Peer 1: 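Dropping the structure in here first, questions after.
In what follows, every chain begins at residue 1, and chains take the letters A, B, ... in the order their sequences are listed. All values derive from a computational prediction rather than experimental measurement. Only heavy atoms go into these numbers, but all of them, side chains included; no hydrogens, no water, no symmetry mates.
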Number of protein chains: 2
Amino acid sequence: MTFSYEYERPGLTVDCVIFGLDLESASLKVLLIERDLEPFAGMWAIPGGFVRIEESLYAAAARELKEETGIEGVFLEQLYSFGDPKRDPRGWVVSVAYYALVSPEQHPAQAATDAREARWFPVNQVPRLAFDHAEILAVALERLRGKLTYAPIGFELLPQKFTIKQLQRLYEIVLGTKLDNRNFRKKIFAMGVLRELDEIQKGVPHRAARLYKFDQKKYRQLIKQGLNFQLQ
Amino acid sequence: MTFSYEYERPGLTVDCVIFGLDLESASLKVLLIERDLEPFAGMWAIPGGFVRIEESLYAAAARELKEETGIEGVFLEQLYSFGDPKRDPRGWVVSVAYYALVSPEQHPAQAATDAREARWFPVNQVPRLAFDHAEILAVALERLRGKLTYAPIGFELLPQKFTIKQLQRLYEIVLGTKLDNRNFRKKIFAMGVLRELDEIQKGVPHRAARLYKFDQKKYRQLIKQGLNFQLQ
DNA sequence: CCAAAAGTGTTCTCCATACACCCATGC
DNA sequence: GCATGGGTGTATGGAGAACACTTTTGG
C-alpha cells in the first residue's frame with residue numbers, strides 16, 4: 001500500500017433499499033424514485049447519491065434517505081458494496097448499499113430533490129431499474145429474509161404498537177410461508193421480548209386485539225446471556 | 001444523483017482478513033504483514049491495497065491477496081466497507097474488506113511486495129494494528145463465527161482430505177465450545193455432505209482415522225431442495 | 001502390553017408441529 | 001344474533017443432549 005494519490009479514484013455513492021410492509025395488501029414493498037437526471041432519466045431507481053468528503057458511509061446513507069424520501073430515524077444497516085467497473089455509464093462509481101426498514105403508514109411516499117416522484121412498489125412487481133439496482137434489490141431481499149429468522153428486525157417494519165397477528169403476518173409475507181397462529185404465539189411469547197400494553201386495537205369491525213411493544217431492554221439482556229432469537 | 005465529477009472522490013482500497021486454522025496449536029490464526037511504508041511503517045496490518053480502475057472489488061481483493069501473501073484460489077468473500085473519514089491519516093480512503101479462509105499448512109507465511117514480513121498470529125494474540133484494522137478483524141471474526149453455524153465454510157479451513165475429528169476440532173476452536181464427538185458425528189453424517197475416502201491418516205502414533213472429503217455436489221443438491229446446513 | 005486416539009448406541013428430554021373450538025366485539 | 005377475526009391447549013414425533021466403553025494401531 002502506497003500513497004493514495006498515485007491511484008485513480010472512483011466516485012463513491014450510497015444507495016438505500018427501503019423496505020416497507022403493507023399489511024392491507026399483504027405485501028412487502030420497496031420505495032423507489034423516478035430519476036429526473038441522466039443517466040437513466042425517467043427510470044425507476046433505488047434512492048441514493050454521492051458520499052461527501054468528511055462524511056461516514058452511514059451518515060451519507062442516512063442523509064440521502066432523508067433528502068430523497070423524507071424518512072429518518074429508522075433502522076438502517078450496511079448491506080454490500082457494488083463495484084463492477086461497468087455498473088455506471090458515467091465511469092467508475094462504486095456504491096455502498098444500505099437497507100432501511102420502515103412502516104409505510106408512517107412514511108407515505110414523498111417527492112424528493114432530484115427525483116420526479118417516489119412510490120412504493122411490491123417487491124415482486126418492480127419496474128426495470130436503473131444501474132445495477134435490480135441486483136442490489138435482490139441482495140437486499142435475500143439479506144432481509146435471512147436476517148429476519150435470527151434477529152428481531154421484523155419489529156422495525158411494524159408500527160411501535162402492534163398485534164401478534166400483525167407480527168405473524170409480517171413473517172408470513174416476508175418469508176412467503178404460512179405459520180400456525182398458536183405455535184407462533186407460543187414461540188414469540190416464550191422469547192420474552194414483547195411487552196404487553198394496556199391498550200387494544202381501535203376501529204376494527206370485530207373483536208379488537210391486544211397491542212404489544214418490542215422490549216429492547218429485555219432483548220439486549222437475552223443476547224448478553226447468550227440466548228438467541230430464532231424463529232422458524 | 002448528479003454527475004460524479006462534481007464530487008470529491010475517496011481513495012478506494014481492499015483489505016483481506018486471512019484466516020487459517022492451526023490444528024497443532026489448536027488455534028485460529030490470522031495472516032498479518034509488517035508494513036514497510038508510511039503511514040504506520042513497521043506496524044502490523046491486514047494485507048490490502050488500492051483498487052485499480054477497471055477492476056472489480058472481488059478482483060482487487062484476489063489480486064492483493066496473491067501479491068501480498070502468494071495465496072490464491074481460496075474462499076474469498078466480501079465482508080463490510082469501512083469509511084470513517086478519519087480512518088486513514090493520508091486523507092479520505094474508503095476500504096472494502098474481504099475475508100479469506102485457507103489451510104495454513106498449504107500456505108506458509110511468505111514475504112510480500114510492500115511488507116517486511118508476513119506472519120500468522122493467533123486471533124486472540126494479535127499485536128496493535130495499523131489503521132482501523134483491529135475493528136475490521138473483529139467484524140471478520142464475528143462473521144466467520146456466525147456463518148460457520150449455518151453455512152459449510154468450515155471445510156475451507158481444512159486440507160481437502162480430513163478426519164472427522166479435525167472437522168470437530170475446527171468447530172471447537174472457532175466457536176470456542178466443546179462438542180460431544182458422538183453427537184457431532186451423527187449430525188455431520190446425517191447432513192450427507194461428506195464423501196468417505198478409501199484412505200486413512202498417515203504417520204500418527206495411534207490408530208489412524210478415516211479420511212473424508214467435502215462433497216460440493218451433494219451440498220448444492222441439498223440447498224436446492226431447501227434443506228439447510230445447521231450446526232449447533 | 002501400553003498409550004492414545006478412533007469409533008460406536010441408547011435413553012431421555014424438550015421443542016416443533018399438527019390440529020379445532022370458544023370468545024369478544026362491531027354492526 | 002351474526003360475522004369476523006382474537007385467542008387458547010394438548011397430543012405426538014423427532015431431534016438434540018447426555019453419557020462410557022471397545023477397537024485399533026504404533027511404539
Side-chain angles (χ1 to χ4, degrees), chain A residues 23-26 148-150 158-159 161-173 175-213 222 225-232, chain B residues 23-26 148-150 158-159 161-173 175-213 222 225-232:
Chain A
L23 287 168
E24 284 175 40
S25 68
L148 204 57
T149 64
Y150 68 89
L158 293 174
K161 301 170 181 181
F162 52 85
T163 69
I164 304 295
K165 197 57 171 281
Q166 287 173 333
L167 186 59
Q168 183 186 335
R169 283 221 196 89
L170 154 67
Y171 277 88
E172 292 177 334
I173 291 167
L175 301 178
T177 54
K178 274 238 160 190
L179 299 172
D180 178 89
N181 71 329
R182 280 168 294 190
N183 295 333
F184 183 82
R185 281 165 176 273
K186 256 182 289 181
K187 216 164 169 177
I188 212 84
F189 286 135
M191 284 177 202
V193 295
L194 292 187
R195 207 169 69 233
E196 188 175 326
L197 301 177
D198 277 336
E199 278 176 86
I200 55 169
Q201 251 181 336
K202 292 265 148 120
V204 286
H206 52 76
R207 174 173 175 183
R210 166 146 264 116
L211 289 171
Y212 293 84
K213 258 185 154 170
L222 284 179
Q225 293 164 26
L227 274 90
N228 66 333
F229 184 97
Q230 181 89 359
L231 200 69
Q232 251 209 135
Chain B
L23 287 169
E24 282 174 41
S25 68
L148 204 57
T149 63
Y150 68 86
L158 292 174
K161 301 170 180 183
F162 52 86
T163 70
I164 303 296
K165 198 57 169 284
Q166 287 173 332
L167 186 59
Q168 182 185 336
R169 283 221 197 89
L170 154 68
Y171 277 87
E172 292 178 334
I173 291 167
L175 301 177
T177 53
K178 274 239 159 190
L179 299 172
D180 179 89
N181 70 331
R182 280 169 293 189
N183 294 334
F184 183 81
R185 280 163 176 275
K186 254 181 289 179
K187 219 165 167 174
I188 212 85
F189 286 136
M191 284 175 201
V193 295
L194 292 187
R195 207 171 67 232
E196 189 176 324
L197 300 176
D198 278 336
E199 278 177 84
I200 55 170
Q201 251 180 336
K202 291 266 149 119
V204 287
H206 53 76
R207 173 172 176 184
R210 165 146 264 117
L211 290 170
Y212 294 82
K213 258 186 154 171
L222 284 177
Q225 293 164 26
L227 274 90
N228 65 333
F229 184 98
Q230 180 88 1
L231 201 68
Q232 247 209 137

Peer 1: Nearest-Å distance, CG (B/Leu167) to P (C/dG7)?
Peer 2: 13 Å

Peer 1: Using side chain to side chain donor-acceptor pair (under 3.5 Å) as the criterion, list what pairs up with A/Gln168, not counting sequence neighbours.
Peer 2: A/Glu172

Peer 1: Side chains of B/Tyr171 and B/Leu179: does their closest heavy-atom pair fall under 4.5 Å?
Peer 2: yes

Peer 1: When all nucleic acid strands are considered with a 4.0 Å heavy-atom cut-off, which category describes B/Arg210: base, sugar-phosphate, or nothing?
Peer 2: sugar-phosphate

Peer 1: Each nucleotide in nucleotides 21-27 of chain D should get exactly one letter: B, S or -. Can you fill that in based on protein heavy atoms under 4.0 Å?
Peer 2: --BBBS-

Peer 1: Please report the distance, rounded to the nearest Å, between NZ in B/Lys178 and C1' in D/dC19.
Peer 2: 15 Å

Peer 1: Roughly how many Å is it from CD in B/Gln168 to C1' in C/dA5, rounded to a whole number?
Peer 2: 12 Å

Peer 1: Got a sec, which residues hit side chain to side chain contact (heavy atoms under 4.5 Å, CB included) with B/Pro159, two or more places apart in sequence or on another chain?
Peer 2: B/Ser103, B/Glu105, B/Gln106

Peer 1: Give the rounded distance in Å between these two atoms: CG of A/Leu23 and C1' of D/dG5.
Peer 2: 15 Å

Peer 1: For A/Gln201, what residues pass the side chain to side chain donor-acceptor pair (under 3.5 Å) criterion, not counting sequence neighbours?
Peer 2: none

Peer 1: Send over the distance from A/Asn181 CG to C/dC21 P, rounded to a whole Å.
Peer 2: 15 Å

Peer 1: Separation of B/Arg185 atom CZ from D/dA18 atom C1', in whole Å?
Peer 2: 17 Å

Peer 1: Rounded to the nearest angstrom, tell me the gap between atom CD in A/Gln166 and atom P in D/dG5.
Peer 2: 13 Å

Peer 1: Evaluate the side-chain proximity of B/Leu148 to B/Leu231: yes if any heavy-atom separation is below 4.5 Å, no if none is.
Peer 2: no

Peer 1: Only counting residues at least two apart or in another chain, list the ones meeting ring-ring contact (aromatic ring centres under 6.0 Å, His included) with B/Tyr150.
Peer 2: none

Peer 1: Could you tell me how far apart B/Leu231 (CG) and D/dA15 (P) are, to the nearest whole angstrom?
Peer 2: 15 Å

Peer 1: Anything under 3.5 Å between a donor and an acceptor, one on a side chain of residues 191-200 of chain B, the other on a protein residue two or more places apart or in another chain? List them.
Peer 2:
from	atom 1	to	atom 2	distance (Å)
B/Glu196	OE2	B/Arg210	NE	3.2
B/Glu199	OE1	B/Lys161	NZ	3.4
B/Glu199	OE2	B/Lys161	NZ	2.7

Peer 1: Under the rule for ring-ring contact (aromatic ring centres under 6.0 Å, His included), what residues qualify as partners of B/Phe229, not counting sequence neighbours?
Peer 2: none

Peer 1: With 3.5 Å as the limit, what N/O pairs link the protein to nucleotides 9-16 of chain C?
Peer 2:
from	atom 1	to	atom 2	distance (Å)
C/dT10	O4	B/Lys186	NZ	2.8

Peer 1: For B/Lys186, enumerate each residue passing the side chain to side chain donor-acceptor pair (under 3.5 Å) test, keeping only those at least two apart in sequence or located in another chain.
Peer 2: B/Asn183

